Asker: 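Before I ask anything, here is the structure I am working with.
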Amino acid sequence: MSDKITLLDPTSELQPPERALLPRLQSLQGKTVGLLDISKPRGREFLDEVEKQLLALGLDIKVNRYSKPTFTRVAPVALNQQISVECDAVIEGLAD
Amino acid sequence: MRLQQTDSVEAPIASRLAPTGGGQFSYELYVKKDCPTCQLAEPAFLTLHDRFGERLRVYSQDDPGFPSSISSTIDDTALEHSFRNHIEIVPTLIRRGGGQPDALIYGWDKTQWQDFTGIAELGADLPAFRPGCGSKTHDPGVHEQLQLRFGQSKLKARHLLVDDEEDLMEACYDRGWTDGLPVVPPTPLRVLKMLNATDRAADEIIGIVPPDRVPCSIEKVAINAVMAGCRPEYFPVVLATVEAALMDAFCMHGLLCTTYFSSPVVIVNGPVAKLIGMNSGINALGQGNRANATIGRALQLLIRNVGGGKPGGIDRATLGNPGKYTFCFSEDESEPTWNSLAMDQGFSRGDSVVNLFAGDGVQPISDQRSRTPESLIGSIALSLRSVCHNKLFLTADALLILCHEHRRIFMEAGWSKQDVRTALFDALRTPGAEIVRGAGGIAEGMPESMREKMVNKFRDNGLHILCAGGRAGFFSAIVSGWAASGERGSQLVSTKVRDT
């Protein structure tokens, strides 16, 4: 069990202390969406369905498929970098 | 309540002590085993214990078994009692009650202890005088820890809890607090040490920080100074730097928003620069000196974190410049006949002053051939003409940082700084026909209305001359100013450093 270390907030405290999310996309029109299979059973089937529904939106979406070597570890840095360069958004299949 | 006591362990003052009266006193004795005077006076402590019984409480700072002859010693190794009673020296004997004001003595002065306790034979076999030792509450770094543990906290900033398994550096990055380089995690202990370097209240508002126009407390400045890597003794200079940046004449808001290169350049004058070990010599504008590096960075982090000014957000610089991490140095004031930048701004040589200039990067003036002031003026003027653009005049101010070798040429010829400035102004006056738009086949330039005029390169007060750098090398420097210099934008501002 870990203890906590206190840091004092250096900001104006106008924002909540939680880490901010990156700005969300306003539209998927013309965007590239990555589908990341974390390599759990039936993740591929789930993401196949997600891909089908994305393409059915008629928004000129390009879909890239990726997979982690194993769900037991965090994604390799190289895979993260590849997705960040090639995609505007990513959907990760977490459950089996 | 803090009892009156002197700062010196050498000279306890008996004259301020209240006389013993007929009332019933109680006593508190603070000792530590690692104090030769406490060990020497142990027989006297035992006498006090025998005489006063439960009216005497003995607190041991380092060993509850000391004094070994007294079994009821109270364990104060946590130092709470010592801290709450502001003990600075051991042994200290506090006397309370008896219808008298509380009083204390410290160290060992036999006559004084006898008078204070009313025991004429106290310590009769002991030497007449021995100074005490420092209280453990004042061991290095301990006092701030005790302030956090037992004192009334003056830290009002939001406390964020981070798992100790998390990398604190990464936690700071993740929260967007850094300029891209690692920061020192702002723990309460570090911030308290920073705040203790000034007498100013932690919740005092030092000013309104752009671009979000947020009221900024001294505490927030301290947090960012910690993150920048400042030592506490730099803090008065950091505070002066922030005060200067928030002066209306400096126009920090516009400076942050501009697409131009400029950013605050901090120049420190006066005794404080030496006190905190700033570099005005070899590589003065470069890396390697902690005070130079961190004071400028503290301002940048404050603007980012408190003001909300981040690149790509309100900071719209097209290219920026490396000085936006930090750009801070002190002036070489080793020549008593040569006025410093602060003196040009109306301060005295003995004043500690922070000057802020909205400047860009460093442009070299390499002249290793000139040996007369006239040649050197021509040489420097040629380089100064390129400030902002060779055909843009009266647009950007500039710092001219003379190296030692170049300044020596002027000084040996009997030239003052004002002589240099006047000569440069004259050398830079240019026929408007050369610099109007279209002249030389170049669209950029001054308005056509200036074609028939002689035009100054700099506005009055727009060229600031100072000195820095190593003793060897005929290499002076220009720091170009913001293209919105002067009253319409930013002017060089200066303010005294307090608390030194």
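Bear in mind the structure is a predicted one, so any value in this text is a computation, not a measurement. Reminder, nothing fancy here: chain letters follow the sequence lines and each chain counts from 1.
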Asker: Please flag which part of B/L155 lies under 4.5 Å from any non-hydrogen atom of chain A: side chain, backbone, both or neither.
Answerer: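 For B/L155, side-chain heavy atoms alone lie under 4.5 Å from chain A.
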Asker: Under a 4.5 Å cut-off applied to non-hydrogen side-chain atoms, are A/L8 and B/T187 in contact?
Answerer: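 Side-chain contact under 4.5 Å: no.
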Asker: Roughly how far, to the nearest 0.5 Å, is the OG atom of A/S12 from the CZ atom of B/R213?
Answerer: 13.5 Å
Asker: Which of the residues B/V214, B/D174, B/V209 is involved in the greatest number of heavy-atom pairs with chain A at under 4.5 angstrom?
Answerer: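 Most heavy-atom pairs under 4.5 Å with chain A: B/D174.
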Asker: Taking side chain as C-beta onward, heavy atoms only, is B/R175 less than 4.5 Å from A/D9?
Answerer: no
Asker: Please classify the contact between B/C172 and chain A as side chain, backbone, both or neither, with a heavy-atom cut-off of under 4.5 Å.
Answerer: side chain
Asker: What is the minimum heavy-atom distance between B/P185 and A/L7, and which atoms define it?
Answerer: CB-CD2, 3.7 Å
Asker: List the atom of B/N305, the atom of A/P10, and the distance in Å for their closest heavy-atom pair.
Answerer: CB-O, 3.4 Å
Asker: Mark yes when over 12 heavy atoms from residues, nucleotides or ligands other than A/R44 sit less than 6.0 Å from its CZ; otherwise mark no.
Answerer: no
Asker: Answer whether the closest heavy-atom distance between the side chains of A/K4 and B/D164 falls below 4.5 Å.
Answerer: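 No - every pair of side-chain heavy atoms lies 4.5 Å or more apart.
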Asker: Between chain A and each of B/L189, B/D212, B/V306, B/L302, count heavy-atom pairs under 4.5 Å; write down the option with the most.
Answerer: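 The option with the most such pairs is B/V306.
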Asker: Can you check whether B/A157's main-chain N or O pairs, donor with acceptor, with A/E13's side chain at less than 3.5 Å?
Answerer: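 No: the side chain of A/E13 does not pair with the backbone of B/A157.
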Asker: If you count the non-hydrogen atoms of other residues, nucleotides and ligands that lie under 6.0 Å from CD in A/Q15, is the total more than 12?
Answerer: no
Asker: So, for B/R158 and A/T11, which heavy atoms are closest and what is the spacing to 0.1 Å?
Answerer: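 Closest approach of B/R158 to A/T11: NH2-OG1, 4.3 Å.
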Asker: Are any non-hydrogen side-chain atoms of B/L168 and A/I5 less than 4.5 angstrom apart?
Answerer: yes
